[in-house]
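Taking it in order: structure first as structure tokens, then the write-up.
Just the heavy atoms: all of them, side chains too, but no hydrogens, waters or symmetry mates, feed the values below. When a ligand or atom number is given, it counts from 1 through the structure's own listing order.
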Amino acid sequence: MKILVVGGGGREHAIIKKIKENKKVTEVYALPGNGGIAADATCVNIGAKDIPAIVAFAKEKQIDFAVVAPDDPLVLGAVDALEAEGFACFGPRANAAIIEGSKVFSKNLMKKYGIPTATYEVFTELDAALKYLETAPIPTVVKADGLALGKGVIIAQTREEAMSAVRSMMEDRQFGESGSRVVIEEFLTGPEVSVLAFTDGNVVRPMVSSMDHKRALDNDEGLNTGGMGTVAPNPYYTAEIANECMKKIFLPTMHAMNAEGRTFRGCLYFGLMITPDGPKVIEYNCRFGDPETQVVLPLMESDLLDVMMATASGTLADADVRFSNGAACCVIIASKGYPVKYESGFPMELPADLGDRFIYVAGAKRDGERLLSAGGRVLGVTAIADTLDVAVQKAYDHAGKVQFENGYCRSDIGARALKALNK
Ligand code: AMP
Ligand code: GLY
């Protein structure tokens, strides 16, 4: 089978390595992929948002199945365009990807269907938003409606900070059209859990839970990033909470999308907060998380491609979706200076995968035989083991074998989870 994967980061590298475990796969094309992914797939220089070129390429190669991984092409309708030409795809259509593409949509959906989330107000006028903030409870959370490269959420500790966030979104259009509407919501507290779930509109099959580490520096200090590391499973996500989430969040979300005529088929990502009042939705994503995927898929015992094809065809109920009882840790190696200002083009030498230790390349270019860093987050080094403490040790041990002088990583990925486990 010829498989096309749209995207080119660490998440896509993890998806590609897992898909290749299926013996029927003869060829994987990554659009655009990257210099590291090139070791595992044929990378083709077509941008993930260039939908006409993606469809033309699928036709030219007569691919058998497509996986659209990033948010942008999903929200822009890449799956709709591929399906219109008869290609089977993993990923939601645009009318379902809106669950990530518009925070106003997702908040209104949760309100309408009684799905637990932070209370909120929506504003389309700057003056009304500023007036509301004069008396709103502080801290508060300001969110741009649309996609904003993961930067459209401001946790404001003061009224002034909240007002300046609203101004930069609505007046200065820091995120362009994404800021034409803003959501101002209640500040919630509690540990955060990421749960990725396969769903075809008939059933929801959650994957193993995980924990992201978003801040750039140890002890959750420094700026917000795309994610500096992950562990799975997340110790705060107990069996009891998992049951509660299935009943109050996962199934109601699937039914709500069906009722709206927006059946979601693909990977639905639940960003949850375990508050003193129970689990609540912080955000939905319409795709696999990055770097959550880099710990979740290595723990998957069943065949990813089979599960993706079952999801696409609406037969997920019959699919074998299994995860090991072990643990995984992924340490991200980023370019020094990320997420603000950094340089690319540094040579890298990577240790080989070992069966329980994997390197996922997020940002790299090839220069003949050499691999050069390219981008902010550059590598994800994952290890799996029976227990989390060993997985963390192995991941750092393998990361230590990477040669990349311009790289840095956090030294405490997994520390919070281990503390919760009393280790
Ligand atoms: P996002 O950029 O959408 O991934 O959100 C960034 C982070 O903001 C989340 O991971 C949470 O830590 C935090 N966050 C978002 N909404 C809330 C909220 N209502 N209360 C507290 N923290 C929040
Ligand atoms: N790791 C968070 C995300 O993928 O949005």
Residue selection (non-hydrogen contact nearest atom 15 (C) of ligand 1) among T119, I282, V281: I282
Residue that, paired with K107, satisfies salt bridge (charged side-chain N to carboxylate O under 4.0 Å, His left out) out of E186, E185, E283: E185
Identity and separation of the nearest protein heavy atom to atom 11 (C) of ligand 1: E192 OE2, 3.2 Å
Y284 and Y269 aromatic centres sub-6.0 Å: no
Atom 7 (C) of ligand 1 protein-contacted, heavy-atom criterion under 4.0 angstrom: no
Interfacing atoms of ligand 1 (cut-off 4.0 Å, heavy-atom, I155): 8 (O), 13 (C), 14 (N), 22 (N), 23 (C)
Check: K20 side chain, D40 main-chain N or O, donor-acceptor pair, under 3.5 Å: yes
N or O pair under 3.5 Å between N224 and ligand 1: no
Atoms in ligand 1 flagged as close to E185, the criterion being non-hydrogen separation under 4.0 Å: 16 (N), 17 (C), 18 (C), 19 (N)
Distance filter under 4.0 Å to K143 heavy atoms, resulting ligand 1 atoms: 15 (C), 16 (N)
Numbered atoms of ligand 1 (with element) below 4.0 Å of E283, judged on heavy atoms: 1 (P), 3 (O), 4 (O)
Shortest non-hydrogen contact between G226 and P291, atoms and distance: O-CD, 3.8 Å
What are the atom names and distances for all N or O pairs under 3.5 Å between ligand 2 and the protein?
| from | atom 1 | to | atom 2 | distance (Å) |
| --- | --- | --- | --- | --- |
| ligand 2 | 1 (N) | D212 | OD2 | 2.9 |
| ligand 2 | 1 (N) | D290 | O | 3.0 |
| ligand 2 | 1 (N) | E292 | OE1 | 2.7 |
| ligand 2 | 1 (N) | E292 | OE2 | 3.2 |
| ligand 2 | 4 (O) | R287 | NH1 | 3.1 |
| ligand 2 | 4 (O) | D290 | N | 3.0 |
| ligand 2 | 5 (O) | N285 | ND2 | 3.2 |
| ligand 2 | 5 (O) | R287 | NH2 | 2.9 |

